[in-house]
Amino acid sequence: MNYISTRTPESEKYSASYVIKTGLAHDGGLFVPESIPSLSESDIKKLAEMDYISRAQYILSLFLTDYSEPELLEAAKAAYSAEKFGGPAAPIAKVGGDYFLELWHGPTSAFKDMALQIMPRLLSLSLGKTGETKDAYILVATSGDTGKAALEGYCDVDRVRIQVFYPVNGVSNIQKKQMASQKGNNVNVVAIKGNFDDAQSGVKAIFADESAKKQLEENGLFFSSANSINWGRLAPQIVYYVSAYCDLLKEGELSCGELLDVTVPTGNFGNILAAYIAKRMGLPLGKLVCASNKNDILTDFINDGVYDKRREFFTTVSPSMDILISSNLERLLWFAVGAEKTRECMEKLNKDGVYSLDDEAMARIREDFAGYSCSEEETKQTIKNLFAECGYLCDTHTAVAAFAANKYKKESKNKMLVVSTASPYKFAPAVLSALGEEVPADDFDALDKLFEVTKCAIPKNLASLREAEVRFTKTIEPKDMRNSL
């Protein structure tokens, strides 16, 4: 399996270990697999009899062909152990007539753990496979969850340093404390006065800065990424869609070949793109419902064919989706219209802030995707309704997905998988408010009160966060990101 860039027709081909080490293609594009491996019905039936670790080893072996099966198995065992996840890595809860895929049982209580517990192991292996003598310097822009999950995954990993940038007023206080208190000798965390798009654009600018690259090389380092622009982040996410289908098949909730619709709360488009790739492999998925919050740029794109970032940016109760530049949409463009048109669209986005696709291209995209947005009030009402009617407590991002799923179900007879991306305790004040409760001034008091009201267990990593020592307090302007390295 080789990889090519989304922006260059007849692109040079690269190995999986090279693209995981490098992160971003030299032309500024993202790496995509040259072809998509297939899953047959018999493959799915075999996978249904395996545990999550074995499924991960198998699916990743189809994409990461220069990694040995023993290497991938050991990486998966270390990443997805019951000790780390408190049980199965990606359990499914039946809520009403739908299935909620809970991806937040890992060490940071967010779905990013599903990729960022295994990615550091893949990166470490890639250094040896590519003969790299320099150490990796990882830059991460985060809207909340990626930063902590990356810090946790890469903490004290040999031959790796990691620096995370986050919008100072664009994450929850719990997320901020998670990052600011991160332990490890190889980590650094910096807040910026701006939004996630400012952080992401700043990181991309640093990657493209030749003087920055030279400075790192002189110190025996090279740039890499832990964001979902890196294929090493995206590939492990394909696994949990395959695994979810297999679990439902094994439990008799689905028959083999039966279509399953999937709704994903979507900001940077990586999570839902992993579902799209699983579908292209042959997993029997129906419609992929892209659920947006008030920042509904993706919903507008799917419905109107125009991607226009020249709009008001909103800070919402689902901050991990407060994004106007969805990087992984570039990979979908490549699948839909090819490298030449993708490069043209990215140049227009960079220059004019907008691009559009013709009706034929959008018809292809709409065969797989539907888009719905959810207001702040609808998000809160969904949290309240799910708890009152089903006894199910969800976070603000999952609520956006649940709302969109209910909208789309009027158009489909398929069963629905709703992707649950974070523990409700990561956003305890917003969840309490949605339940109609008075919200304490202190976020950690809000954790305790949410438990008193709901009796749902607080994740251990969040319960212990109150007493954690704050290590990182620096806040800078986006223009100063380059100088903070």
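Quantities reported herein were computed from a predicted structural model and do not represent experimental measurements. Counting from 1, the numbers follow the sequence of the chain as shown.
- For the pair Arg55 and Asp247, the salt-bridge criterion is met [side-chain N within less than 4.0 Å of a carboxylate O].
- Judged by distance alone, with hydrogens and angles left aside, the side-chain atoms of Thr398 form no donor-acceptor pair with the main-chain N or O of Ser420 at under 3.5 Å.
- Geometrically, Lys21 engages Phe222 in a cation-pi contact, judged by NZ or CZ lying under 6.0 Å from the ring centre and within 45° of the ring axis.
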From CA spacing to verdict: side-chain contact (heavy atoms from CB on, under 4.5 Å), Val190, Tyr166 = CA-CA 7 Å; Val190 179; Tyr166 72 90; over 6 Å; no

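- Taking the charged nitrogens against the carboxylate oxygens, Glu217 and Lys213 have no contact shorter than 4.0 Å, which rules out a salt bridge.
- In this structure, a donor-acceptor pair under 3.5 Å is absent between the side chains of Asn195 and Asp322.
- Residues Thr263 and Ile272 fail the side-chain proximity criterion, which asks for heavy atoms closer than 4.5 Å.
- At a threshold of 4.0 Å, the pair Arg364-Glu360 counts as salt-bridged, since one of the basic side-chain nitrogens sits closer than that to a carboxylate oxygen.
- Checked against Tyr99 for a side chain to side chain contact (heavy atoms under 4.5 Å, CB included), the options Leu417, Val262, Val419 give a single hit: Leu417.
- Checked against the 6.0 Å centroid threshold, Phe369 and Phe269 count as a close aromatic pair.
- The backbone N or O of Met1 sits less than 3.5 Å from a side-chain atom of Thr65, completing a donor-acceptor pair.
- Of the possible polar contacts, one joining the Ser326 side chain to the Gly267 backbone as a donor-acceptor pair under 3.5 Å is found.
- With hydrogens and angles left out, the side-chain atoms of Lys112 and Thr146 include a donor and acceptor closer than 3.5 Å.
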Steps toward ring-ring contact (aromatic ring centres under 6.0 Å, His included) verdict (Tyr276, Phe335) = CA-CA 10 Å; Tyr276 172 73; Phe335 281 111; 5.5 Å; yes

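- Using a 4.0 Å cut-off between a side-chain N of Lys or Arg and a carboxylate O of Asp or Glu, Arg7 and Glu330 qualify as a salt bridge.
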I would like to know whether Ile229 and Phe207 meet side-chain contact (heavy atoms from CB on, under 4.5 Å); could you show each step before the answer?
-> CA-CA 12 Å; Ile229 57 175; Phe207 280 147; 4.3 Å; yes

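- Between Leu324 and Phe196, the closest side-chain pair of non-hydrogen atoms is not below 4.5 Å.
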Working for side-chain contact (heavy atoms from CB on, under 4.5 Å), residues Ser124 and Asp158 | CA-CA 8 Å; Ser124 292; Asp158 288 341; over 6 Å; no

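- By the 4.5 Å heavy-atom criterion applied to side chains, Met114 and Phe85 are counted as neighbours.
- A centroid separation of less than 6.0 Å is found between the aromatic rings of Tyr80 and Tyr52.
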May I have the step-by-step check of side-chain contact (heavy atoms from CB on, under 4.5 Å) for His105 and Ser423, ending in yes or no?
-> CA-CA 8 Å; His105 292 277; Ser423 164; over 6 Å; no

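- When atom types are taken as modelled, the side chain of Ser201 and the backbone of Asp198 share no donor-acceptor pair closer than 3.5 angstrom.
- Under a 4.0 Å N-O distance rule, the pair Lys214/Glu210 does not qualify as a salt bridge.
- Thr6 places no side-chain N or O within 3.5 Å of a backbone atom of Trp334 that could act as its donor or acceptor partner.
- Checked by atom type and distance alone, the side chain of Asn303 pairs as donor or acceptor with a backbone atom of Thr299 at under 3.5 Å.
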What's the verdict on salt bridge (Lys or Arg N to Asp or Glu O under 4.0 Å) for Lys279 and Asp368, showing C-alpha distance, side-chain angles and the deciding distance?
-> CA-CA 9 Å; Lys279 182 176 179 180; Asp368 295 303; 2.7 Å; yes

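- Using cut-offs of 30° and 60° on the angle between ring planes, the pair Trp231 and Tyr3 is tilted.
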Could you walk me through whether Lys351 and Glu347 pass the salt bridge (Lys or Arg N to Asp or Glu O under 4.0 Å) check?
-> CA-CA 6 Å; Lys351 181 182 177 182; Glu347 288 173 351; over 6 Å; no

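- The cationic atom of Lys294 (NZ for Lys, CZ for Arg) lies less than 6.0 Å from the six-membered ring centre of Phe314 and within 45° of the ring axis.
- Under the 3.5 Å distance criterion, with hydrogens and angles disregarded, no donor-acceptor pair is assigned to the side chains of Asn295 and Glu312.
- With salt bridges taken as basic N to acidic carboxylate O contacts below 4.0 Å, one links Asp300 and Arg311.
- Exactly one residue among Asp358, Leu357, Leu333 makes a side chain to side chain contact (heavy atoms under 4.5 Å, CB included) with Lys341. That residue is Leu357.
- With hydrogens and angles left out, the side-chain atoms of Asn271 and Tyr241 include a donor and acceptor closer than 3.5 Å.
- Using modelled atom types, one finds no donor on one side chain facing an acceptor on the other under 3.5 Å when comparing Lys148 with Gln175.
- Defined by atom type and a distance below 3.5 Å, a donor-acceptor pair is missing between the side-chain atoms of Asn230 and Ser225.
- Aromatic pair His397/Phe111: ring centres not closer than 6.0 Å.
- Annotation: side chain of Gln178 is in contact with side chain of Lys426 (closest heavy-atom distance under 4.5 Å).
- Between Glu218 and Lys134 no salt bridge is recorded (no basic side-chain N to carboxylate O distance below 4.0 Å).
- At a threshold of 4.5 Å between non-hydrogen side-chain atoms, the residues Ser38 and Met281 do not count as touching.
- Counting heavy atoms from C-beta on, the side chains of Ile206 and Leu139 come closer than 4.5 Å.
- A donor atom on one side chain and an acceptor atom on the other are not found under 3.5 Å apart for Thr421 and Trp104.
- Using a distance-only test at 3.5 Å, with no hydrogens or angles considered, a donor-acceptor pair links the side chain of Asn268 to the main chain of Ser327.
- Leu101 has its side chain within reach of Leu103: a pair of non-hydrogen atoms, C-beta onward, lies under 4.5 Å apart.
- In summary, the side chains of Asn414 and Asp261 do present a donor paired with an acceptor at a separation below 3.5 Å, with no hydrogens or angles considered.
- In this structure, Lys129 satisfies the cation-pi test against Tyr67, with its NZ or CZ atom closer than 6.0 Å to the six-membered ring centre and inside 45 degrees of the ring normal.
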